[in-house]
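Remarks on the structure that follows.
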Amino acid sequence: MTETYDDSFVKELTRMSDDFDRWYTDVVRKAELADYTPVRGCMVIRPYGYALWEGIQRAFDDMIKSSGHENWYFPLLIPEELFMKEAEHVEGFTPEVAWVTEAGSHGKLDQRLAIRPTSETIIGTLMRRYVQSHRDLPKLTNQWCNVVRWELRTRLFLRTAEFLWQEGHTFHANAAEAIEEVDRILEYYRVLAEDWCAMPVFAGWKTATEKFPGAVHTKSIEALMRDGLTLQAATSHYFGQNFSRAYDVSFANRENVREFCYTTSWGATTRLIGGLVMAHGDDFGLILPPKLAPVQVVVVPIYRTDEAHREVADFIAGWEPEVRAAGIRLKVDWSDERPGAKYNQWELKGVPLRLEVGSREVAAGEVRVVDRLTREKRQLGVNALGEQLSAELSAFQAALYQRALEFRQANTAVVKSLAELVEHFRTRAGYVSAPWCGEADCEAKVREATGGVKSSNYDPDRKAEGECLVCGRPGRYQINFARSY
RNA sequence: CGGGCGGUAGCGCAGUCUGGCAGCGCGCCUGCUUUGGGAGCAGGAGAUCGCGAGUUCGAAUCUCGCCCGCCCGACCA
């Protein structure tokens, strides 16, 4: 038996098709993920949103621990002198650095302190103490922390003046090992995005124009949002010896020759939560992947009388422990609302499965299960309910990924020329894949001609399918272009 | 940072032009009736009108400065 409701009217929520940006802000606030604060560009992350971050943290932290990475904590404040040592890095970051210039009764400081926008400089400075010999390498460090970047235009989760992230910083005895590290972490990010967030990504190289300031090369994962814009969801950088030279992090190699370390850094931020919202949501609100959903299954009890209330409560108590024992994050919503209000509330909050339990279910020994993705209603016997729901959640996770993948396929075009590309972005969004010669000039021309379409990333193993879309010289790479967040 | 718009009860807004009792809807509290897709009735609480100066007998309303947000550009995870 299948019942579907298609009343697309949702109170107080802008429709996605009407105004995607407003829809996004509405969902983030009404689903209680985050909110504005009196502080310019800074948000408050509410428990429901923070729980998503905790899920992401747990997943990623487990991955890096499995490869021997260790968590550290480094200072929030970085003396100006230290900050200024790597020229390209300084140039890239100074426009958005916040400085502490004055402190309490001490008054004006002799030297300004940067509030970290990222920690390469302070970590490099400190790590030289701990790295003396090739036997000390590799040093695989990570920290979970906040950073501040003085952004002019902010949006909840996607771009705020302060945000949370993890930043990994690793030190190696040779280039090959560092380059391998960058790829290992990029693969972790792919797994985090695809297996946990159910967000299909392109993992690949950023162009020289788009790379991190101070990096030799940068790789990223990029995901498509439902408005057709791409989101850079995490980055992994190879620094060669750029930072170790600037901060004098060196070691004695096997021949007792002093050598600068080869370093990497990589980061993923609370922006991923914004990605989750925009990759999966619909006109009813959030849709959360079960593996990260703070509540995976919500139970809505239905009753009129005290007696029915007792019956329903007893019935739920019969299988609730078993469902929890199956490792399912279950919430029974006994709040003093009517069932319809609860349905809407939990759909807004993106809970994957809802169980409706009333006297009909009690009598039949069933629950009514409603899927957040399809919103179809089915009856499920309570026998081995934990096992059944686990299976349902796995299927949901897969279906969510599949839907996002199909959406991306439907929104990826291939073009041969700049004219075609410009024409495409006049009416459509999504990715456009095109052959490219590898020159920054040609990349810049795409950006100019389209008013802001940027290169996303590329897979160097994929050969260009024709001549460069701009200059007509032999293509080197097949690269994705998109409008981006 | 440039251009435009906005800030009045928890949320969404009217009132501002033309100065004169602080309003509406939703939400919230209490009670009763309700409860399978956002309940009904009755009563009630809640606002230094973003902040600070100024003009005026009198300012949500006029003037100046500042803060915050939104949209469009340039910059960025």
Side-chain angles (χ1 to χ4, degrees), chain A residues 3-14 19-22 24-26 29-30 35-43 91-97 117-118 147-167 189 206 209-213 218 220-223 230-237 265-275 284-285 300-306 308-309 312 334-348 354-362 367-368 370 375 377 379 447-448 451-452 454 484-485:
Chain A
E3 254 181 81
T4 314
Y5 287 85
D6 62 351
D7 51 332
S8 50
F9 177 67
V10 181
K11 262 184 173 175
E12 297 167 13
L13 190 61
T14 308
D19 184 340
F20 191 87
D21 295 342
R22 270 196 72 169
Y24 173 80
T25 305
D26 278 1
R29 299 181 71 190
K30 290 178 197 302
D35 212 340
Y36 297 113
T37 65
V39 191
R40 180 200 184 89
C42 295
M43 62 176 172
E91 195 193 327
F93 277 103
T94 35
E96 48 191 51
V97 171
T118 179
V147 289
V148 169
R149 298 184 186 175
W150 214 253
E151 295 293 344
L152 301 170
R153 205 174 148 189
T154 62
R155 293 195 63 193
L156 296 172
F157 288 118
L158 301 175
R159 177 165 298 105
T160 45
E162 179 188 14
F163 58 88
L164 304 183
W165 75 346
Q166 60 64 220
E167 50 177 325
Y189 286 146
K206 300 301 279 187
T209 329
E210 298 290 331
K211 75 178 173 64
F212 181 85
T218 289
S220 72
I221 54 168
E222 311 267 341
T230 185
L231 183 79
Q232 179 173 298
T235 49
S236 187
H237 318 288
S265 88
W266 25 274
T269 77
T270 37
R271 172 182 257 198
L272 273 172
I273 297 170
F284 298 94
V300 177
I302 300 154
Y303 49 86
R304 294 171 195 238
T305 61
D306 287 350
H309 182 295
V312 169
W334 287 109
S335 70
D336 189 23
E337 294 287 342
R338 294 154 67 91
K342 295 181 188 179
Y343 300 166
N344 287 293
Q345 176 64 17
W346 292 110
E347 283 180 5
L348 173 62
R354 176 173 77 241
L355 305 184
E356 302 175 6
V357 181
S359 20
R360 290 209 293 269
E361 282 71 27
V362 174
V367 292
R368 168 170 283 203
V370 189
R375 302 175 79 245
K377 304 193 168 192
Q379 300 296 124
R447 197 161 171 176
E448 285 161 30
K454 295 199 290 185
S484 63
Y485 275 96

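As a basis for the values below, the full set of heavy atoms in this structure was taken, side chains included, without hydrogen atoms, waters or symmetry mates. So that the names make sense, note that chain A is the first sequence line, chain B the second, and so on, each numbered from 1.
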Partner lookup for B/G69, please. Criteria are Watson-Crick or G-U wobble with both distances under 3.5 angstrom; report none if nothing qualifies.
B/C5
Quiz item: A/Lys377 side-chain donor-acceptor pair to B/G36 base, under 3.5 Å
no
Does A/Glu96 reach a base, just sugar-phosphate, or nothing at all? Heavy atoms under 4.0 Å.
sugar-phosphate
Here the distance between atom C1' of B/A74 and atom CD of A/Glu448, to the nearest Å, is 14 Å
side-chain hydrogen bond (donor to acceptor under 3.5 Å, both in side chains) involving A/Thr305 - partner list, sequence neighbours excluded:
none
Are any of the side-chain heavy atoms of A/Glu361 and A/Val312 separated by less than 4.5 Å?
no
Expressed in whole Å, how much space separates the P atoms belonging to B/G4 and B/C11?
28 Å
Listed pairs, N/O of protein and of nucleotides 39-43 of chain B, under 3.5 Å:
residue	atom	partner	partner atom	Å
B/A39	OP2	A/Arg338	NE	2.9
B/A39	O4'	A/Arg338	NE	3.2
B/A39	N9	A/Arg338	NH1	3.3

Quantified in whole Å, what is the C1' atom distance between nucleotide B/A53 and nucleotide B/G38?
46 Å
When rounded to the nearest 0.5 Å, the distance separating CZ of A/Arg368 from CZ of A/Arg360 is 5.5 Å
Return the set of residues passing side-chain hydrogen bond (donor to acceptor under 3.5 Å, both in side chains) with A/Tyr24 (not counting sequence neighbours), or none when no residue passes.
none
If I take atom OH from residue A/Tyr485 and atom OG1 from residue A/Thr230, how far apart are they, to the nearest 0.5 angstrom?
10.5 Å
What distance, rounded to whole Å, do you find between the two P atoms, one in B/G15 and one in B/C24?
15 Å
Partner of B/C26 under the Watson-Crick or G-U wobble criteria, both distances under 3.5 Å, comes out as B/G10
A/Arg360 or A/Thr209, whichever maps to the more 5' nucleotide of RNA chain B:
A/Arg360
Pairing partner of B/C62, by Watson-Crick or G-U wobble and under 3.5 Å for both distances, is B/G54
What interatomic distance, in whole Å, is found between C1' of B/G19 and the corresponding atom of B/U61?
6 Å
Determine the interatomic distance between C1' on B/U16 and the same-named atom on B/U8; round to the nearest Å.
11 Å
Mind checking who B/C17 pairs with, Watson-Crick or G-U wobble, both distances under 3.5 Å?
none
Across the strands shown, which category fits A/Leu158 at heavy-atom distances under 4.0 angstrom: base, sugar-phosphate, nothing?
base
Please determine, for B/G46, whether a Watson-Crick or G-U wobble partner exists with both distances under 3.5 Å, and give it or none.
none
Interatomic spacing from CD in A/Gln232 to CD in A/Glu210 - rounded to 0.5 Å
7.5 Å
When all nucleic acid strands are considered with a 4.0 Å heavy-atom cut-off, which category describes A/Glu151: base, sugar-phosphate, or nothing?
base
May I ask you to say what A/Thr218 touches in the nucleic acid, namely base, sugar-phosphate or nothing, with a heavy-atom cut-off under 4.0 Å?
nothing
Please produce a list of atom pairs where a protein N or O lies less than 3.5 Å from an N or O of nucleotides 66-73 of chain B.
residue	atom	partner	partner atom	Å
B/C68	OP2	A/Arg40	NH1	3.0
B/G69	OP1	A/Gly41	N	2.6
B/C70	OP1	A/Tyr36	OH	2.9
B/C72	OP2	A/Arg153	NH2	2.6

Given the C1' atoms of B/C71 and B/C26, what is the spacing between them in whole Å?
26 Å
Distance between the C1' atoms of B/A60 and B/A47, in whole angstroms?
11 Å
Does B/C41 have a Watson-Crick or wobble partner in any strand here, with both distances under 3.5 angstrom, and which is it?
B/G31
What's the spacing between A/Asn344 CG and A/Arg338 CZ if we round to 0.5 Å?
12.5 Å
The criterion is side-chain hydrogen bond (donor to acceptor under 3.5 Å, both in side chains); which residues satisfy it with A/Ser220, sequence neighbours excluded?
A/Glu222, A/Asn457
Take the protein atom CG of A/Asn344 and the nucleotide atom C1' of B/G36, then report the distance between them rounded to whole Å.
13 Å
What about A/Glu361, does its side chain sit under 3.5 Å from the base of B/G36 through a donor-acceptor pair?
yes
Rounded distance in Å between the P positions of B/G58 and B/A74
49 Å
Supply the atom-to-atom distance A/Arg149 CZ to A/Phe163 CZ, rounded to the nearest 0.5 angstrom.
4.0 Å
Side chain to side chain contact (heavy atoms under 4.5 Å, CB included), that's the test. Do A/Phe212 and A/Trp266 meet it? Break it down for me.
CA-CA 10 Å; A/Phe212 181 85; A/Trp266 25 274; over 6 Å; no
Of A/Val357 and A/Thr160, the one whose closest RNA chain B nucleotide lies more 5':
A/Val357
Could you pull out all residues at least two apart from A/Thr160 that satisfy side-chain hydrogen bond (donor to acceptor under 3.5 Å, both in side chains)?
none
